[in-house]
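Working notes, structure below.
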There are 2 protein chains.
Amino acid sequence: MYCGGVVRTKDPAVRTLLIERAAQMLRARDPVTLRSLVAGTGVSTMAVYTYFGGMDGLWRAMRQEGFSRLATLLDGVPLSADPVRDLAALGAAYLSNALANPDLYRVMFDAGFELEDPAAADETLHSLVRAIDRAKDAGRFRAEVDAVSLATQTWTVGHGLVSLVATGPLPRPALGHGVTILTALFISCGDEPGRCRDSVEDGWQV
Amino acid sequence: MYCGGVVRTKDPAVRTLLIERAAQMLRARDPVTLRSLVAGTGVSTMAVYTYFGGMDGLWRAMRQEGFSRLATLLDGVPLSADPVRDLAALGAAYLSNALANPDLYRVMFDAGFELEDPAAADETLHSLVRAIDRAKDAGRFRAEVDAVSLATQTWTVGHGLVSLVATGPLPRPALGHGVTILTALFISCGDEPGRCRDSVEDGWQV
DNA sequence: CTTCATAACATAGCATTGCTATGTATTGTG
DNA sequence: CACAATACATAGCAATGCTATGTTATGAAG
């Protein structure tokens, strides 16, 4: 029997080109439609189906890209000797990124779509988990604190804030509530109240 | 001079019929399109433009309806002698409602649209504010606690949780994080830790 | 009661959407 | 070289929201 051979290979550059262009159009608030996406790129509408299987696949890839960029950004946040400060700084970076690219952020959490790689969401938490582990090592948080749970809780607070501010009814100064909530949360993990407040306020630069 | 007269009045029943039907279709996961919405109702597509000015207006009305129903639901939550428990119960009711009608909830917080009545969002907070005031009266929270701020913070936590669970990557048991976060938050308002935890756990029936 | 301007409503059609069917070009393997 | 499998281009389809146009109903003015 003939097992067939790969004859013509997809060009990965086209894939990244389309993703890049879609991200650009999102930023510019231009509606990302099949035809407007490929217009001017030289590639035909079929390319979207060859590379993504359709518009749904494009959005899935965009979501993946968003999580990937977010993880990179969080990895690049400069750390200090104060892990609690760093934890707040990571939350602030998360918020800044989401507010700078609100449309991409919305796509990332749009309903009806699942991630290509479900682990990508967890990946986002790794930076937070590392900071929490450092806080435990430094004696700021109790040893019984579950790092993943606390990271998830921190994420929940950040996501709630950014959702209500970026596309919701809360004004931008409401971001300051993050300090209050996170401080309360970190104190409940064993941090000394006064010091915790200072650390969170120091890291929370939105 | 001729001042003109209103000749044919809009039928309010048609308006509520369309909103009701749209909500029904959302619940049934049927795509709500202009034609599918009016199909079988006897009204023509133009009705949507007469009553709402277009599909955008329909979504705006849906959002308003969602907030209205939410306020009614929160008003109906039975209260107890424990205001902190009630506060958690209100949060839990908020979550239950959102998870029971995830599509309507998503519409409520969709981007690009503003509310017809911006006060409707604040209205949702009134039940929370009342519970917080009762907690202050009962000596559970410090007098300096700003009720609206704390209500907003509670809302932020609830919204973050429900967003990540209903349409996001977190599994449903993650709702339990609400207990941890809210307990920490309420303790920071002056409540006694052990008692606070009991109250929140008692009220948090999701 | 008659008139008639105005609003409510129905119909048809437009541009655009995502998608698919069909045909053509390309390229590595046997 | 020959062929099969894939990438790519074109054209067209059903469905979308919306608008232009025509028709009907209604209540106030005379």
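Since the structure is predicted, the reported quantities are computational estimates derived from the model, not experimental observations. Below, read A as the first sequence line, B as the second, and so on, with proteins coming before strands; counting in each chain starts at 1.
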note: B/Leu18, atom CG; C/dA8, atom C1'; distance rounded to Å ~ 14 Å
note: A/Asp56, atom CG; C/dT17, atom C1'; distance rounded to Å ~ 13 Å
Taken to the nearest whole Å, CZ/B/Phe52 to C1'/C/dA8 is 15 Å
| request: Would you indicate what A/Gly42 reaches in the nucleic acid, counting non-hydrogen atoms under 4.0 angstrom: base, sugar-phosphate, or nothing? | output: sugar-phosphate
Would you please test B/Met108 and B/Phe67 for side chain to side chain contact (heavy atoms under 4.5 Å, CB included) and show each step?
CA-CA 7 Å; B/Met108 285 169 63; B/Phe67 275 105; 3.8 Å; yes
Using side chain to side chain contact (heavy atoms under 4.5 Å, CB included), reason through A/Thr154 and A/Phe186 one step at a time and then give a plain yes or no.
CA-CA 9 Å; A/Thr154 305; A/Phe186 298 156; 3.9 Å; yes
Q. Salt-bridged, B/Arg106 to B/Asp103, with N to O below 4.0 Å?
A. yes
A/Met46 has its side chain closest, among C/dC9, C/dG18, D/dA9, to D/dA9
Between CH2 of B/Trp59 and P of D/dT16 the distance, given in whole Å, is 12 Å
Worksheet item: Does OP1 or OP2 of C/dC19 have a side-chain N or O of A/Tyr49 closer than 4.0 Å?
Response: yes
* Check the pair A/Ser80, A/Arg85 against side-chain hydrogen bond (donor to acceptor under 3.5 Å, both in side chains), reporting the backbone distance first and the verdict last. => CA-CA 8 Å; A/Ser80 71; A/Arg85 190 215 78 101; 3.2 Å; yes
In whole angstroms, the gap separating C1' of C/dT20 from CE of A/Met55 amounts to 16 Å
Walking DNA chain C from its 5' end, the first of A/Ser36 and A/Thr45 to be reached, judged by nearest nucleotide, is A/Ser36
Taking every heavy atom of B/Ile19 against every heavy atom of B/Met62, the minimum-distance pair comes out as O-SD, 3.7 Å
Query - salt_bridge(B/Glu20, B/Arg69) N-O dist < 4.0 Å - result: yes
* How are the rings of B/Tyr105 and B/His159 set relative to one another: parallel (under 30°), tilted (30 to 60°) or perpendicular (over 60°)? -> tilted
Regarding B/Val43, tell me which of base, sugar-phosphate or nothing describes its non-hydrogen contacts under 4.0 Å with the strands shown. sugar-phosphate
What residues 28-35 of chain B contributes to the DNA chain D interface at heavy-atom separation below 4.0 Å is B/Val32, B/Thr33, B/Leu34, B/Arg35
From CG of A/Leu17 across to P of D/dC8 the rounded distance in Å is 12 Å
